[in-house]
Structure formats: structure tokens, C-alpha cells
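Contents: one structure, followed by commentary.
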Amino acid sequence: MPTISLTTDFGTRNGFAGVMKGVIYKISPNAKIVDISHTIAPQDIREGAFALWRAYSFFPKGTVHLYVVDPGVGTKRRPLAARIGDHYFVGPDNGLLTPILEDAEHKFEKIEFFELSNPKYFLPKVSRTFHGRDIFSPIAAHLANGISLNEFGPSFFDPVRMKMTHPEKTSNGFTAHVTLIDIFGNISTDLSASALQGQTDVLFRLRGAEVNGLVETYGHRSAGDLVAVVDSEEFVEIAVVNGNAAQRLSAEVGDVVDVVFSVK
Amino acid sequence: MPTISLTTDFGTRNGFAGVMKGVIYKISPNAKIVDISHTIAPQDIREGAFALWRAYSFFPKGTVHLYVVDPGVGTKRRPLAARIGDHYFVGPDNGLLTPILEDAEHKFEKIEFFELSNPKYFLPKVSRTFHGRDIFSPIAAHLANGISLNEFGPSFFDPVRMKMTHPEKTSNGFTAHVTLIDIFGNISTDLSASALQGQTDVLFRLRGAEVNGLVETYGHRSAGDLVAVVDSEEFVEIAVVNGNAAQRLSAEVGDVVDVVFSVK
Amino acid sequence: MPTISLTTDFGTRNGFAGVMKGVIYKISPNAKIVDISHTIAPQDIREGAFALWRAYSFFPKGTVHLYVVDPGVGTKRRPLAARIGDHYFVGPDNGLLTPILEDAEHKFEKIEFFELSNPKYFLPKVSRTFHGRDIFSPIAAHLANGISLNEFGPSFFDPVRMKMTHPEKTSNGFTAHVTLIDIFGNISTDLSASALQGQTDVLFRLRGAEVNGLVETYGHRSAGDLVAVVDSEEFVEIAVVNGNAAQRLSAEVGDVVDVVFSVK
């Protein structure tokens, strides 16, 4: 029986995630349900996108990843189910899947999108404000039960995409970009650590501040130091030890990060 | 194997909910455990009541709903197990089940209450402060294992009831009431949206403030606007877009909400 | 299939605990996973130690307790798997298991420690910063699958120990100590309630303040009162009703608590 993962901005207090699990177990009693997060910043599609992208590939093949960060609930945004590589996804068509989609395109994996239009697989009564309960949870459960994607509605080929950046090669390094700022003020970039291989010295420049070299872990520097580290997904991150880097630098998503290799 | 849902005010930091799950799995290894909430406001029976009432009917028939919001722990309040319609409930007899009970009475569903007095189904050692672990979790697990309710103790017919209000019909609308104020300051009322059917114009008056008509979603108004919406349980809610309605209006549970239909 | 419990300081927002569960289900699809806590104070080994110690014995025999409070990640601290009595443990060798270990030694239970050095049971790629995902979760899952502890690496006999205190008998009572201060400012001590049996009057002295006698529950006193209660693990706790005892008394872990029996 497949695993179903949940990523939402519902919080944990009011029981909304619990209700979704009740709906899932009612349809798919043997599903294994795993919370990825229910405390994505409200309506923050970008934060949800990176949380799910970081997590999904560690789950078993065939996992159904249900996500509900859905500022457009009640409007005409499409509800979707997708297969991307060995994983399934169910949620609103709002760009949250973009980083996963880009990785899959890069690897020439199988990609299919379907619009959820067949009410046979919804709850009998669909509210205007809680599609997580009334549409997405039952679809995820039916998918876990083996119902084919094309039962849910027509396929489509133009999923909404979130704006993504990629580093550009320069004469002596890269022009990278800020991709995400987390609640601690840590600044994620689009620069893969592998791009730095073989370089002995590297300088990062962001909003006028300069950081020399990568540190192995926060523990190697003092509180308040501005440092560059490699995060657990192997991307370069700019951080302040025990502090808030984004606030100190007034950094924002999309900001340029100059990456300069030393001349030897 | 039945599902067991958990609704508590224990918080998630100290591991109390985890301990309860350990106790449950020890007795009922194949139970499926679902968290509804562990962050009900401390000792707030009303908040717990509405959270469980909103959630329970979406769970599979036969689910055991375990709730521990228990300001009376260590006093003489009865511990109970109940069957209400197709669902089971285990927790302190403190009124938390009232909204569920009223719905069941309205539908003439089967209702049975039993006092937990048979220590055979408790943990061997019962503490004075943690009945969630020592009494309620083992009872819920035994219930999931198929033990009959009447094994746990004698039946009773006078469960404690929480004060509930209901809208009263007036010449040109309803007198409704505030039932719950959530942490965001949203104001729930006892007025079902169905009571407004066929009405083209409706005015809500609460603590001197007036709201004209229902909006479909928060997104249709500007931040700071006082609005009336239909919540995901189909009741009317008064809210401030991105703000705190209860604070602005000094609203309290029990307040009257005048609902006035326009003369045509 | 064994239960796997999780105790971490990862928080619930970024999906790190969810990733660990994905890794576990990939290796051990039928594991039952229970969260004890993911909001242990960051890097607070002591808080994690007491949370796991309070919880573990309520879980089924054979449960694998996975803990990741790991300030030393990326340094040379040993990763370990252990059997203590009827339970298994997986995590960094940093003293977090000390209270459990002391209890087991006291009861002459079987104790075995193994260093995790066999990469066959890790994820193929081990990051420098997320051993919870790359080492500890796969080991816990393989352990749940029945792999023997000695497959993971060599045994060892000198696990790191956290500083623990124990009450000392005096002529008219005990010298006890503060073991833990929780986020609410409640002050746990190393004095078991059983040490007070048969005493009619007892005085607690801490940082110059005096508390007379034990109250049964917080509810028996007024807000702001400094009281002594017996916690759910049967140890004496000093607290302020609806207040912060640690702050009021400037109490710290290790502080002496004089326990004085009345002369009859």
C-alpha cells in the first residue's frame, strides 16, 4: 500500500490536517500517512515548493505527495494530479511543483498532468474553502488504491510554473541567486556545491557584503559571523551563526549572489 | 483495525502525545493513530469540542476518538467511553462531546455512555495527573481491539453538557450567537448557512458593528475589512481580512448576532 | 513489525522529520512510526534525555527509539545503536541515553552499545549536516527489519554520559537537586516521591525560597503560588501556578534543593 505524504500551511491547532487523514483512511484504510509539514508559511507557495522538493525523493517509489498551499482556493485555479518520475502528486496547479518538475525534465523522467474534474472521486459535498478535505484528500486516497490518473480527468501539458533562477557562468565564477529565505533568515541560493569543486578559494558577494570561503559547519565560527555553508541538499547557503542573515543584509528572493573564484 | 484519533491540549514538545501512542500500540499493535490536534488552548473544553465536532464525521465508521482536555484531572469528574452513532469516544466527562451529542440526538442516532471504573483495562499504575496515559489511552486501545463498552463500567445517562446556543427566528431574520473565537480572532456563530437560503440581502449586527452580505472568500475583500463568510462546516463566521475580528469588536462567546433580512 | 519512535530538535516546519520517515518507510515499509517530540529545545541534550526517558518504557518491547539532538553532527562524535533492556536506541553518542542507562544498570538489564561504522546500512550518500536522514533513519529501519546490532559495527563499553545527580540522605531529610527546567519554568528535581512516604510534613528550600508540603494538583492553589507537586513520573517538581518558577527563583540545573522533614 503506497505512502501518502502531506505538505500544507494549515497549522496543527484546528485539526484540518487530522480531518484530511480521516478522509484518507475512510477511502484507503491501509495507507501510510506521513506529515512533511503543516506549518509552511501561510499561502507561501515557494516555501512549500522547496520543502516538498527537498523531501520527495527520499520517499518510496509510488508515494502520493499531497500538498495544499492554496491561496487560490475557491477561484478557477486547476486542481491536479500528476506523475513525475516514480512519484505521484496531488494539489492545486499553482507552481509548487516547479523545482521537482525541472529536476525531472533534466533527467528525462516521465511526466503526466491531469486536471481533477471527475466528481466521482471527490467527497459527495465540496465546500468552497476546504478542497484539501473535499477534493485533494479523496483523490490522493483513490490514487493510493490504484485508480489510474486518467480516471480523474483530462490530461494537460501546461502546468503553472513558479519563477526559478539558475546560476550563470562568468569569466571568474558564477552569478547565482537567492532562491528562498527561511524563518531563521538563512539564505538559500541556486548554486550547487558541485559547481565549486576543485576551487581552493571562493568569495561570495551579496547586497554589498562579502563572505570568504565555505565553512564546514556553523560550529566552526562564532555567533554573529556571516558564513557560507553547504546545506543538506548540497546547495550553498548564506547564514549568520545564531543570527538572521536575511535581516542583516536586507536580502530578498531573486537577489544576485556574485561567486568569484580567486586568480591563481 | 479501527482508527484512533487524538485531540489534546498537551502540546507537542514534551512527548506526552507520543507516550499515549506508545501505550496504544502496546495494547493494539495494528491501530491506526491520527492526530487531530495537540495544541487545543490549555484546558479549553469549548475549543476542543468544536475541533472534534468538525472532524469526527470525516473519519471511518468505528473510529475511536480519544480526547484529553481535562482541567478536572485528579478530581471526581467521571472518565467515560461512549458510542454516538457510528463513532466511539473516550475521555473525561466534561461537556466536550456536547455538539456531537446534540447532532446525534437530532438525527436519532444510537447513544450510549459508560463510566470507566474497571481497572482491569487501565495501566497497572494510575498517576494522579496523567489519565491520558494511564486510563484513556489503554481504554481506547482495548476498544479498538473489540472489547465491549459495557466491560469498562456501568452505563449512565446524564453526561455533563457544555452550554450551547441556537439561533432564534425573529420577524425579519434570526437572533444568532457567538459559539467560538479562534486564535486568529475569527468569530464563529451558531447560524447555519442554510438558514440564509433564498435571501438576497442580509445584514449581521454584532457589538454595534454591521456587516452587509456574505463574501465568497476572504480574497474578495481588502485587508482590514470586516466580513461575513461561510466556514468549511457551513456556518456563518465574522472575520477581519488579515486581522483580528474578536479584538476589534470586543466579541465574546455567547454574544448576540442580529441577522436581519432586507424587506423586499 | 516494531514501532520506531522519533525524538528530535528539528522543528516541524521544514519537513526534516518527514524526510526521515520517508527514508524509514523506504527500507521498512511496515514500520509503525511515532513522534515523541520534534521540538526539543535546539541542541538541548538534557531536555531530549528526559523526554525520551519519560516516554520509552511505555512503548512496546522491541521498539526502536531514534533520537537526533546532535550538536556534534559533522564532528567525530560516535554514531551508535544500543540495546538497553527490551528497547533499542539509535542516535549520536552524546549522553542523551544516560537516565535510561542508569535505570537499566540499577535493574541489571542487558546493555549493549555498537558504533555505527558499516556504511552498507547508511544511505548511499552521507551529507555532513543531516545524519538523521543519512545514517540514523536507515539504521533504525534496518534494525526494525531484524538486522542484528553487531552488523552495524563494533561494540563499545564507554558511552558518553551526561552529568546526573542523585539525592543524598541527611539527618532530617534529603539534599536533592534540580534536574531539568522546562519551557514553562517548571523545576524538576531528582527526588522521587517515594522518598517522602510516611512523612506528614516536609519543607522544600531552593535558592532561599521555601515551600511547605506537597499539593495534589495545581488546581488546589491560586495563580502565582509557589508549590511542590508530584509529576507524572513520580518525581517532586517545584512550580508556580500559572507562572514561571525558574525565573522567579533564578533556578538552574544542578541547584541544591533542601528537603527537610518536620521533627515530630
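By convention in this document, chain letters (A, B, ...) are assigned in the order of the sequence lines, proteins followed by strands, and residues within each chain are numbered from 1.
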For residues Gly22(C) and Pro60(A), report the shortest heavy-atom separation together with the two atoms involved.
-> O-CD, 3.7 Å
Side chain, backbone, both or neither of Thr63(A) within contact of chain C (heavy atoms, under 4.5 Å) | neither
From CG (Asn30(A)) to CG (Asn30(C)), nearest 0.5 Å | 10.0 Å
More than 12 non-hydrogen atoms from neighbouring residues, nucleotides or ligands closer than 6.0 Å to CD on Gln247(C), yes or no?
-> no
Lys32(A) (side chain) donor-acceptor with Pro29(C) (main chain) under 3.5 angstrom | yes
What distance do Tyr25(C) atom OH and Ile33(A) atom CD1 have between them, rounded to the nearest 0.5 Å?
-> 9.0 Å
In terms of heavy-atom proximity below 4.5 Å to chain C, should Thr3(A) be classed as side chain, backbone, both, or neither?
-> side chain
For Thr12(C), is it the side chain, the backbone, both or neither that has a heavy atom under 4.5 Å from a heavy atom of chain A?
-> both
Hey, could you give me the CZ/CG distance between Arg13(C) and Asp9(A), rounded to the nearest 0.5 Å?
-> 10.0 Å
Can we say Lys125(C) and Glu233(A) salt-bridge, meaning some charged N sits less than 4.0 Å from an Asp/Glu carboxylate O?
-> no
Steps toward side chain to side chain contact (heavy atoms under 4.5 Å, CB included) verdict (Leu123(C), Phe58(A)) = CA-CA 10 Å; Leu123(C) 289 197; Phe58(A) 289 94; 3.6 Å; yes
Which of the residues Ser137(C), Gly18(C), Ser127(C) is involved in the greatest number of heavy-atom pairs with chain A at under 4.5 angstrom?
-> Gly18(C)
Quick one: CZ on Arg128(C) to CD on Glu234(A), what's the gap to the nearest 0.5 Å?
-> 8.0 Å
How far apart are the closest heavy atoms of Phe16(C) and Ser232(A), and which atoms are they?
-> CE2-OG, 4.5 Å
Sort Ile24(C) into side chain, backbone, both or neither according to what part of it lies under 4.5 angstrom from a heavy atom of chain A.
-> neither
Interface residue of largest heavy-atom contact number with chain A, from Gly15(C), Pro71(C), Gly72(C), Pro42(C), under 4.5 Å = Gly15(C)
For Asp231(A) and Thr129(C) the tightest heavy-atom approach is C-OG1, 4.2 Å
